[in-house]
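Residue numbering restarts at 1 for every chain, and letters A, B, ... go by the order of the sequence lines. FYI, side chains are in, hydrogens and waters are out, and symmetry mates aren't considered; it's all heavy atoms of this structure.
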Amino acid sequence: MLTDTMSRSLEALEPDEPEHLKFYSCGPTVYNLAHIGNFRTFITADLVVRTAEALGWKVSYVSNITDVGHLTQDDVADATGEDKMAAALRAAGQQFPNIWDLARYYADAFIDDWKRLNLREPMVRPRATEHMREQIQAINQLVKAGHAYVTPSGVYFRLSSFPEHGKLSGNVDKEQLQVGVRDVVVDDNKEHPGDFALWKQDDKHLMQWFSPWGWGFPGWHIECSAMAMKYLGDTLDLHAGGEDLVFPHHESEIAQSESLTGKPFSRHWIHTRFLVVDGEKMSKSKGNFFTVRDLVDERGHDPIALRFALMATPYNKPLNFTMQSLSDAGKNVERFRECRRVAEGAVDRTGGVEIAAELDRLYGEALDAMCDDLNTSVALAKALEGTGVIFREQSLLGGDSARAAVRYLDQINELLGICPPETKTEQSFEAELQVDIERRAELKLAKLFAEADAIRLKWLDQGVELRDTPDGTVWKLVKP
RNA sequence: GGCGGCGUGCCCAAGUGGUUAAGGGGAAGGUCUGCAAAACCUUUAUUCAGCGGUUCGAAUCCGCUCGCCGCCUCCA
């Protein structure tokens with residue numbers, strides 16, 4: 001069950017082919033580092049995939065990268081029409097020799113952040129620049145069918161040829177749109193001010209391709225239509241994106257694709273609500289604008305904690321991100337880690353209490369919550385309840401229950417991506433640390449506690465916390 | 001002007017007609033420990049922005065008021 005943007009109600013997600021989800025999620029434009037709001041949307045897509053997989057479905061997951069700069073004013077090619085990628089290149093002129101390098105750099109950074117947030121890899125991650133032929137063909141067909149017209153400044157989609165335009169956003173009253181707050185610059189070549197560009201000609205544009213309409217570049221909307229249909233067919237089961245894409249982007253994709261095929265473009269639509277920071281929209285001028293790098297590399301937060309914080313509120317409600325919510329999430333993620341240590345430490349024991357049934361029940365409830373319109377709040381609560389069960393019985397866990405606990409954590413991680421197994425990387429200081437741990441144990445036996453505490457403090461200063469447990473002293477890395 | 005959302009404890013937040021209003025964080029007390037840390041136990045909303053209405057029964061439905069927020073042709 002998902003909230004469908006088209007009908008504005010909760011609908012069962014029914015793939016055309018049973019148990020095979022064809023899913024397209026709109027990716028970022030790579031003129032800059034993606035921020036945490038972008039990633040909230042991509043996490044939503046990730047959770048759709050994970051939930052479908054948990055139900056045993058096959059998922060054909062496509063998420064694009066927009067690496068073509070588009071005009072700031074989509075429908076006009078005048079002096080103000082410098083696109084964002086060109087502007088970014090100008091701002092970072094020394095860093096990148098040309099716009100292609102800039103796009104490649106930010107696309108790589110994006111994929112890097114994507115992995116750190118434990119997001120599933122799509123089946124294909126198509127790039128707009130690598131699908132020029134498909135886009136030109138689509139435009140050509142639209143022109144031939146009379147849905148688009150050629151002008152000296154480019155090719156426009158003829159809105160009047162697609163009366164259903166506006167069915168997704170509810171922006172059906174074209175007159176009301178005209179009194180919108182933002183100035184819409186009118187190109188005299190357009191038949192109707194709402195017609196949108198499929199192909200633009202502009203000598204100043206830094207990326208140019210040859211087409212039947214001369215040198216130019218594609219409009220913003222056509223890439224998604226062309227790439228989605230190439231990889232997933234004429235009708236998708238689900239199309240996702242941020243709430244700002246409802247209009248005009250997805251509205252235009254529908255117009256293009258359905259004019260082309262005469263078939264519904266997507267059976268379902270979901271849109272992730274915006275993230276706000278401290279109750280306000282993120283913006284660079286307010287100083288509340290965060291990228292993954294800002295929080296993880298500079299402030300030392302755990303990327304998994306960031307993921308947790310970004311999914312704490314269901315996708316269909318605005319998420320209020322705060323530093324407090326991030327550190328709350330960090331505590332929870334740490335709890336999962338600790339829980340895994342406890343469970344893994346008990347797998348060799350014999351006997352013990354039975355908790356597998358209760359964990360199975362909780363996992364089932366978490367999955368149910370995800371099936372109920374991706375209710376991540378409830379799913380996370382159920383996941384956390386499971387750690388309570390494991391911790392409560394930790395001293396009585398037998399091997400069977402411990403293995404059930406590990407399996408539970410693995411299942412929760414598959415579904416929610418919040419408790420990945422620790423990747424044990426050998427630390428350079430481990431030999432030295434081991435010596436100190438043994439020395440400290442001797443000191444403790446001799447009741448020389450001041451010296452023992454000094455060792456613990458010494459390591460804490462270096463970001464290593466020592467903890468005494470019934471099974472001996474363990475250590476973990478902490479924020480310095 | 002058009003379209004849409006939200007207001008639940010100190011903070012985040014679930015719950016959309018019916019047993020005790022999930023869960024997390026924080027705070028307080030306790031257990032364990034040489035001390036820490038972690039974990040565990042207990043406590044922390046007779047009340048859901050306000051006012052009226054419908055109902056045997058409302059945080060949940062309806063109306064009004066107040067407050068906050070998003071989109072409306074660059075934006076996840």
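Spacing between atom CG of A:L310 and atom P of B:A13 amounts to 13 Å, rounded to whole angstrom units. The distance from atom CD of A:E385 to atom C1' of B:G24 is 11 Å, rounded to the nearest whole Å. In this structure, A:D468 places its CG atom 9 Å from P of B:G34, rounding to the nearest Å.
Between A:F274 and A:E243, the shortest heavy-atom distance links the atoms N-OE2, 2.6 Å.
In this entry B:A37 has no Watson-Crick or G-U wobble partner, no candidate having both defining distances under 3.5 Å. Summarising the base pairing, B:U60 is matched to no nucleotide, lacking a Watson-Crick or G-U wobble pair whose two defining distances lie under 3.5 Å. In this entry B:A27 has B:U43 as its Watson-Crick or G-U wobble partner, both defining distances falling under 3.5 Å. Checking B:G7 for Watson-Crick or G-U wobble geometry (two distances, each under 3.5 Å) identifies B:C66 as its partner.
Contact annotation for A:G241: backbone-only contact, meaning every heavy-atom pair under 4.0 Å involves sugar-phosphate atoms and none involves a base. At a threshold of 4.0 angstrom between heavy atoms, the contacts of A:H249 with the nucleic acid are absent. At a threshold of 4.0 angstrom between heavy atoms, the contacts of A:R440 include nucleobase atoms, whether or not backbone atoms are also involved. Heavy atoms of A:K382 sit nowhere under 4.0 angstrom from any nucleic acid atom. Looking at heavy-atom distances under 4.0 Å, A:T272 makes no contact with the nucleic acid at all. At a threshold of 4.0 angstrom between heavy atoms, the contacts of A:K331 are confined to the sugar-phosphate backbone, with no base atom among them. A:R456 comes within contact range of at least one nucleobase, with a heavy-atom separation under 4.0 Å. A:L275 comes within 4.0 angstrom of a nucleotide base, judged by non-hydrogen atoms across all strands. Nucleic acid contact class of A:R467 (heavy atoms, under 4.0 Å, all strands): base.
Remark: the separation of the P atoms in B:G17 and B:A27 is 37 Å, to the nearest Å. With C1' as the reference atom, B:A76 and B:G70 are 13 Å apart, rounded to whole Å. B:A39 and B:U47 have their C1' atoms separated by 32 Å, with the value rounded to a whole Å. B:C3 and B:G18 are spaced 32 Å apart, taking the P atom of each and rounding to whole Å. B:G53 and B:G7 have their P atoms separated by 24 Å, with the value rounded to a whole Å. As rounded to the nearest Å, B:U19 and B:U31 have C1' atoms that lie 33 Å from one another. Taking atom P on both nucleotides, B:A59 is separated from B:C69 by 28 Å, rounded to a whole Å. Spacing between B:A13 and B:G30 at atom P, rounded to whole Å, works out to 32 Å.
Annotation: side chain of A:R116 is not in contact with side chain of A:R307 (no heavy-atom distance under 4.5 Å).
For a distance-only test at 3.5 Å, the side chain of A:T41 qualifies as a donor-acceptor partner of the base of B:A76. Donor-acceptor pairing under 3.5 Å, judged by distance alone, is present between the side chain of A:D453 and the base of B:G34.
Lacking a ring centre under 5.5 Å from that of the base six-membered ring together with a plane angle below 30°, A:F391 does not count as stacked on B:A39.
Judged purely by distance below 3.5 Å, without hydrogens or angles, the side chains of A:N316 and A:D373 pair a donor atom with an acceptor atom. At a cut-off of 3.5 Å, with distance as the only test, a side-chain donor of A:Y24 or A:N64 sits close to an acceptor on the other residue. If you check the side chains of A:T322 and A:N320, you find no donor sitting under 3.5 Å from an acceptor.
For A:N332, the side-chain atoms get nearest to B:G24 when compared with the rest of B:A14, B:G24, B:G34.
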